[in-house]
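Since the structure is predicted, the reported quantities are computational estimates derived from the model, not experimental observations.
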Amino acid sequence: MSKLYIVPTPIGNLEDMTFRAIRILKEVDLILAEDTRTSGKLLKHFDIGTHMHSHHMHNEHKTIDNLIQRLKAGEKIALISDAGTPAISDPGFLLTRACVENQIEVECLPGATAFVPALVNSGLPSDRFVFEGFLPEKKGRQTRYLALAEEVRTIILYVSPHKLVKTLAEICTYFGEERQVCVCRELSKLHEENIRGTVKEALLHFERKPPKGEIVVVISGKLK
């Protein structure tokens, strides 16, 4: 019976790969990978020999029709990203939607995603939060900041390392220098770092020590 499996992969520590994820990746007919070179290392580590196709933001619009036809023909396909859960700031939504529209079963395995451990270990309220992912590069960026500055729930952003200092400076401008943040870097990896304090303190820290690796920024909501 055809099925699309959404399979999370570790965000850093390979020990976070689940037994079920390994089994599914071995059993399916095809694995769709964001970057086959990156995923190839993961598959080799777990002795998974399933064939891979590239599926990323630049080609997903062109490949969906063919993938739907393969699924309708009875194939089982797994979708993975370079790290974490597909469709969370990674490709996956378009294919999942197409499967739902075509009455093709979709099953998402539970597993790693960066924003959950970042939120939990930040020490900021985790009962209600808003996940923003990556902010717009230019158009709409200021509009998003103005809206988020009034948000009372905890806010979660993904930020690339070369834009972290700029982003923290912008948060100072729109949210105020005393807003509490936690900057989580390299989660689950050897050099994991969590910098907690005011956004001004975090900015000064990373001005002195340029950041590397994957970064999640957790920001306290506006006090009522």
Side-chain angles (χ1 to χ4, degrees), residues 8-14 16 33-39 41-42 54-60 79-94 111-122 124 129-149 151 154-175 177 179-220:
T9 55
I11 59 175
N13 193 323
L14 292 180
D16 294 334
E34 187 177 3
D35 187 327
T36 54
R37 294 166 299 180
T38 299
S39 296
K41 298 174 184 177
L42 177 76
S54 178
H55 184 82
H56 49 73
M57 63 181 294
H58 302 295
N59 75 353
E60 59 179 335
L79 174 65
I80 62 176
S81 59
D82 289 347
T85 300
I88 304 296
S89 294
D90 278 325
F93 162 68
L94 294 179
T113 189
F115 78 80
V116 173
L119 171 64
V120 173
N121 73 26
S122 70
L124 297 174
F129 61 90
V130 54
F131 172 69
E132 284 289 312
F134 292 98
L135 291 175
E137 293 292 332
K138 294 180 181 178
K139 186 178 180 181
R141 191 175 179 91
Q142 182 181 34
T143 301
R144 292 309 306 144
Y145 273 128
L146 290 172
L148 291 172
E151 176 61 65
T154 301
I155 303 157
I156 306 169
L157 307 178
Y158 283 168
V159 183
S160 58
H162 66 281
K163 294 179 180 175
L164 179 61
V165 169
K166 173 189 173 183
T167 299
L168 291 174
E170 290 171 338
I171 295 171
C172 279
T173 299
Y174 291 101
F175 292 59
E177 296 182 352
R179 188 72 71 96
Q180 293 292 308
V181 299
C182 178
V183 180
C184 306
R185 190 179 66 82
E186 294 289 81
L187 286 165
S188 85
K189 300 178 184 177
L190 180 62
H191 300 292
E192 177 174 334
E193 179 181 45
N194 297 284
I195 301 300
R196 302 176 181 86
T198 67
V199 63
K200 181 64 173 180
E201 291 169 339
L203 174 60
L204 292 174
H205 173 86
F206 288 107
E207 283 178 336
R208 294 191 299 265
K209 184 180 178 182
K212 296 180 181 179
E214 303 295 325
I215 295 169
V216 184
V217 177
V218 186
I219 310 165
S220 63

Exercise. Please report the closest heavy-atom contact between Arg141 and Pro136, naming both atoms and the distance.
Key: NH1-O, 2.9 Å
Quiz item: With a 4.5 Å limit on heavy-atom distance, are the side chains of Ile219 and Val199 in contact?
Solution: no
Practice problem: Quick one: pull up CG in Leu204 and CD in Glu201 and give me the separation to the nearest 0.5 Å. | Solution: 8.0 Å
Practice problem: Please name all residues satisfying salt bridge (charged side-chain N to carboxylate O under 4.0 Å, His left out) with Lys138, sequence neighbours left out, ordered by chain then number. | Solution: none
Practice problem: Go through Leu168 and Val159 one step at a time and tell me if the side chain to side chain contact (heavy atoms under 4.5 Å, CB included) criterion holds. | Solution: CA-CA 10 Å; Leu168 291 174; Val159 183; over 6 Å; no
Quiz prompt | Pairwise distance CD1(Ile11) to CG(Asp16) - rounded to 0.5 angstrom | solution = 7.0 Å
Self-check item: Phe129 CZ: over 12 foreign heavy atoms closer than 6.0 Å
Solution: no
Self-check item: Closest approach of Phe131 to Ser89 (non-hydrogen atoms, all atoms of both residues)
Solution: CZ-OG, 3.7 Å
Quiz item: What is the minimum heavy-atom distance between Ile215 and Pro161, and which atoms define it?
Solution: CD1-CA, 3.7 Å
Quiz item: Looking only at atom types and distance, does a side-chain atom of Thr113 sit under 3.5 Å from a main-chain N or O of Thr85, one as donor and one as acceptor?
Solution: no
Exercise. Could you grab the distance from atom CG of Leu203 to atom OG1 of Thr167, nearest 0.5 Å is fine?
Key: 10.5 Å
Quiz item: Rounded to the nearest 0.5 Å, how far apart are CD of Glu177 and CD1 of Ile171?
Solution: 12.5 Å
Practice problem: Would you check if the side chain of Arg196 reaches a backbone N or O of Leu124 as a donor-acceptor pair within less than 3.5 Å? | Solution: no
Self-check item: Flag, side chain of Glu34 to backbone of Asp82, donor-acceptor distance under 3.5 Å
Solution: yes
Quiz item: How far does CD of Glu193 sit from CZ of Phe206, to the nearest 0.5 angstrom?
Solution: 4.5 Å
Quiz item: Would you call the rings of Tyr158 and Phe115 parallel, tilted or perpendicular if under 30° counts as parallel and over 60° as perpendicular?
Solution: tilted
Practice problem: Look at the side chain of Arg179 and the backbone N and O of Cys172, then say whether any donor-acceptor pair between them is shorter than 3.5 Å. | Solution: no
Quiz item: At their closest point, which heavy atom of Thr9 faces which heavy atom of Ser81, and how far apart are they?
Solution: OG1-O, 3.3 Å
Quiz prompt | Pro86 to Leu79 - nearest heavy-atom pair and separation | solution = CG-O, 3.4 Å
Exercise. Please tell me if the side chains of Glu132 and Ile156 come closer than 4.5 Å, counting only heavy atoms from C-beta onward.
Key: no
Quiz prompt | Stepwise side chain to side chain contact (heavy atoms under 4.5 Å, CB included) check, Tyr145 with Thr173 | solution = CA-CA 9 Å; Tyr145 273 128; Thr173 299; over 6 Å; no
Self-check item: side chain to side chain contact (heavy atoms under 4.5 Å, CB included) between Asn121 and Leu187, intermediate numbers included
Solution: CA-CA 10 Å; Asn121 73 26; Leu187 286 165; 3.9 Å; yes
Self-check item: Heavy-atom closest contact (Ala118 atom, Val218 atom, distance)
Solution: O-CG2, 3.8 Å
Self-check item: Rounded distance [0.5 Å steps], CD in Glu151 versus CG in Leu146
Solution: 13.5 Å
Self-check item: Ile195 backbone acceptor or donor facing Arg185 side chain under 3.5 Å
Solution: no
Quiz prompt | Ion pair Glu214/Lys189, N-O distance below 4.0 Å | solution = no
Exercise. Could I get the full list of ring-ring contact (aromatic ring centres under 6.0 Å, His included) partners for His191, not counting sequence neighbours?
Key: none
Exercise. Check whether any side-chain heavy atom of Val181 sits under 4.5 Å from a side-chain heavy atom of Phe175, and report yes or no.
Key: no
